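First up is the structure itself, then whatever we jot down about it.
Quick caveat, the model's predicted, so the values are computed rather than measured.
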Number of protein chains: 2
Amino acid sequence: MKDSPRPTLSDVARVAGVSTATVSRCLNEPGLVVQATRERVLRAVEELGYTPDFSGRALASRRTNTVGAVIPTMENAIFARGIQAFQEALTGAGVTLLVASSGYDPEQEAQQIQTLIGRGADGLLLIGAARPASTYDLLKRRGMPFVLAWNLGAGDDPFVGFDNADAAARITRKVLEMGHREIGMIAGVTAMNDRAADRVRGVRNALRDAGLDADALPVIEAPYSFEDGSRAFEALMQHSPRPTAVICGNDVLAVGAIKRAKAMGLAVPEDVSITGFDDIDIASFVTPALTTIHVPHRRMGTAAAQLLLQLIAGEQARRRVEIDVELRMRGSLGPAPQTTTG
Amino acid sequence: MKDSPRPTLSDVARVAGVSTATVSRCLNEPGLVVQATRERVLRAVEELGYTPDFSGRALASRRTNTVGAVIPTMENAIFARGIQAFQEALTGAGVTLLVASSGYDPEQEAQQIQTLIGRGADGLLLIGAARPASTYDLLKRRGMPFVLAWNLGAGDDPFVGFDNADAAARITRKVLEMGHREIGMIAGVTAMNDRAADRVRGVRNALRDAGLDADALPVIEAPYSFEDGSRAFEALMQHSPRPTAVICGNDVLAVGAIKRAKAMGLAVPEDVSITGFDDIDIASFVTPALTTIHVPHRRMGTAAAQLLLQLIAGEQARRRVEIDVELRMRGSLGPAPQTTTG
DNA sequence: TTGTAAGCGTTATCAC
DNA sequence: GTGATAACGCTTACAA
């Protein structure tokens, strides 16, 4: 069990008594090689434990069969799900996925994109649409196929996503419809996150459309954790007048809010309604279950893979794929309580 | 904004009016090049938007500064967290991470390992210790540094993990200490998952040590989802005698179990106690909060990165890093109810 | 059907 | 300090 150096194509060729070209053909186009030779070669491959070297292959063939994805973080359940599905779809097509994470930092994202290009990625998956023009320039100068996901793309950039602002407006209209007028929002951190920012914008739009003062909406931003959702909720309840409904930028914040509401002795939804966004597993498991926007993250990942593969293959494809999201009405949103001050 | 082919080292060399060797030096050992030349070269790099080609570099230098990780799935929160930390630590050291997922299938894992070796990974992170001997052979024949995580390694294989069986035994002893004698278990799927299997074994060991019949322990296996935890709980409650405590193989199953218990009109922990494992965020957020085993997933990921980097560098290192896990006593585990038939 | 040989983009060893 | 030039492991015309 000693450290043998990695065997190369020529090692295999020597052992099998053929040329390197034949070995290469056996591995890539077995049909071009006669059975007897093929068996001899494969036996040598087996014996030496040969694995093709990716760099050599990529360099010679100018193809990598690789795509890259730059996501903000794996610790967000929605990306974990979506990327898992994205990967499964790629694997099915014989393509390898390289994942990098940017920590929501556009500079890091640009850096990671450079790295992935350097690694020969045939195409890229990126999250959201907001990034420096320089990053788009880079992509386009290189003719690098890319797909944006989890949001709509601007211009004619290819995307597989949905309108975060519109969805947020939809859930807000529902809240208004239930009679709420004192509304607060717990948003995800909007800096460098167009999805979070769009959701805030959507809520404001809906308020404005209903003739309310959108600027008066109290918004507290919070990182993606139950605990931060809880804290933000408590802070929001200090606002006067106290909100009867709290719209959250994602389900994790909403679950945190529900928990704190209960701890504060507020009944949900009798005293205060709470809504989420994303419809991750826990949304239907929390009590009361969360009224939220259902986003089919896995389906989005799969569709993104399909589009990206088509773009890479240079096939004709619908470049702008809008994914349907749905309002899921559950127990956490109820009618506004009767005001006692009438 | 047209598709320019990727510029190469010689393009830069030509534009800067120097040799490719000089350009290479500018990028890798700037100290070896005089300032004036360096500036000229860097300007050319900038102008052309040159990015080094990874394959060419890897081929020539026989180094990749890349490590690979093969995890079962990104959809499990504990891996998402641990891998995120692993990646951050690597990035800090200038090393790129390639992530692949195996779907808990040892054959796919072996396949992914081959791919990562082919891509020139300098080292690998693998989850758990149970895999075919052939996989270990492959690794060792190649002299490929690797680190196992989330479990102890056998022999002197390097690992950063903890004793799943021991931890499960610990929580079981606590359950026994609270007076429970009718115990049931909801386990993760144990096929091809040594962590899940070890946890079942640990529970049985503790029962045996307490003089109970370990073989009589009702165990239901369930996939990693709230819903499956719920279903398994309901099934387990049909068992006679009905368990007064249900030990779950992970927090997700436990949260599912708690929810169903409430829906069945059983108070937790008054009527039935429920415990988890992992201590993911939701464990402290569910009501009642989950008694569970706290595993520092991020710390494990960071430590795994450190060990792997040391092994790759050929440095002396403690190869067997056991991570401390702790029993977190919370509301979901209470004293056994008094038997009415006693 | 198989072999020969010319690259692919980089690094690294020599000279100069 | 800088420039030729030979690898690195593989694919792919083109020849045989």
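Salt bridge status for B/D157 with B/K140: present, with a side-chain N to carboxylate O gap under 4.0 Å.
B/T22 and B/R38 are not linked by any side-chain donor-acceptor pair at a separation below 3.5 angstrom, with hydrogens and angles left out of the test. Inspection of the A/T135 and A/E109 side chains reveals no N or O donor paired with an N or O acceptor under 3.5 Å.
Heavy-atom contacts of chain B under 4.0 Å fall on DNA chain D between two terminal nucleotides, which in 5' to 3' order are D/dG1 to D/dG9.
When the C1' atom of C/dT13 is taken as reference, atom CG of B/N28 falls 15 Å away, rounded to whole Å. B/E29 places its CD atom 11 Å from the C1' atom of C/dT11, with the value rounded to the nearest Å. At whole-Å resolution of the value, CG in B/L32 and P in C/dT11 are 13 Å apart. Straight-line distance from the CZ atom of A/R38 to the P atom of C/dT1: 10 Å, rounded to whole Å. Counting to the nearest Å, the P atom of C/dG9 and the CZ atom of B/R62 are 19 Å from each other. If you take CZ of A/R25 and P of C/dG3, they are 8 Å apart, rounded to a whole angstrom.
Residue B/R6 places no side-chain atom within donor-acceptor reach of the base of C/dG9, judged by atom type and a 3.5 Å distance cut-off alone.
Atom OG of B/S101 is separated from atom CD of B/Q108 by 7.5 Å, given to the nearest 0.5 angstrom. Interatomic distance, A/I83 CD1 to A/R298 CZ, rounded to the nearest 0.5 Å: 11.5 Å.
Contact between B/Y50 and B/T8 at its shortest, heavy atoms only, is CE1-C, 3.6 Å.
Side-chain contact check for A/E47 versus A/P7: every heavy-atom pair is 4.5 Å or farther apart.
Contact annotation: A/S19 reaches the phosphate of C/dG3 (side-chain N/O to OP1 or OP2, under 4.0 Å). Of the side-chain N and O atoms in A/R40, none sit less than 4.0 angstrom from OP1 or OP2 of C/dT1.
The stretch residues 43-61 of chain A comes close to DNA chain C through A/L59, A/A60, each having a heavy atom under 4.0 Å from the strand.
Within the nucleic acid shown, A/S24 comes within 4.0 Å of at least one base atom, counting heavy atoms only.
In this structure, A/W150 and A/F79 have perpendicular ring planes: the angle between them is above 60°, well past the 30° mark.
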Report, one line per pair, each donor and acceptor closer than 3.5 Å where one atom sits in a side chain of residues 316-323 of chain A; sequence neighbours left out.
| from | atom 1 | to | atom 2 | distance (Å) |
| --- | --- | --- | --- | --- |
| A/R319 | NH2 | A/D156 | O | 3.2 |
| A/R320 | NH1 | A/G155 | O | 2.7 |
| A/R320 | NH2 | A/G153 | O | 3.4 |

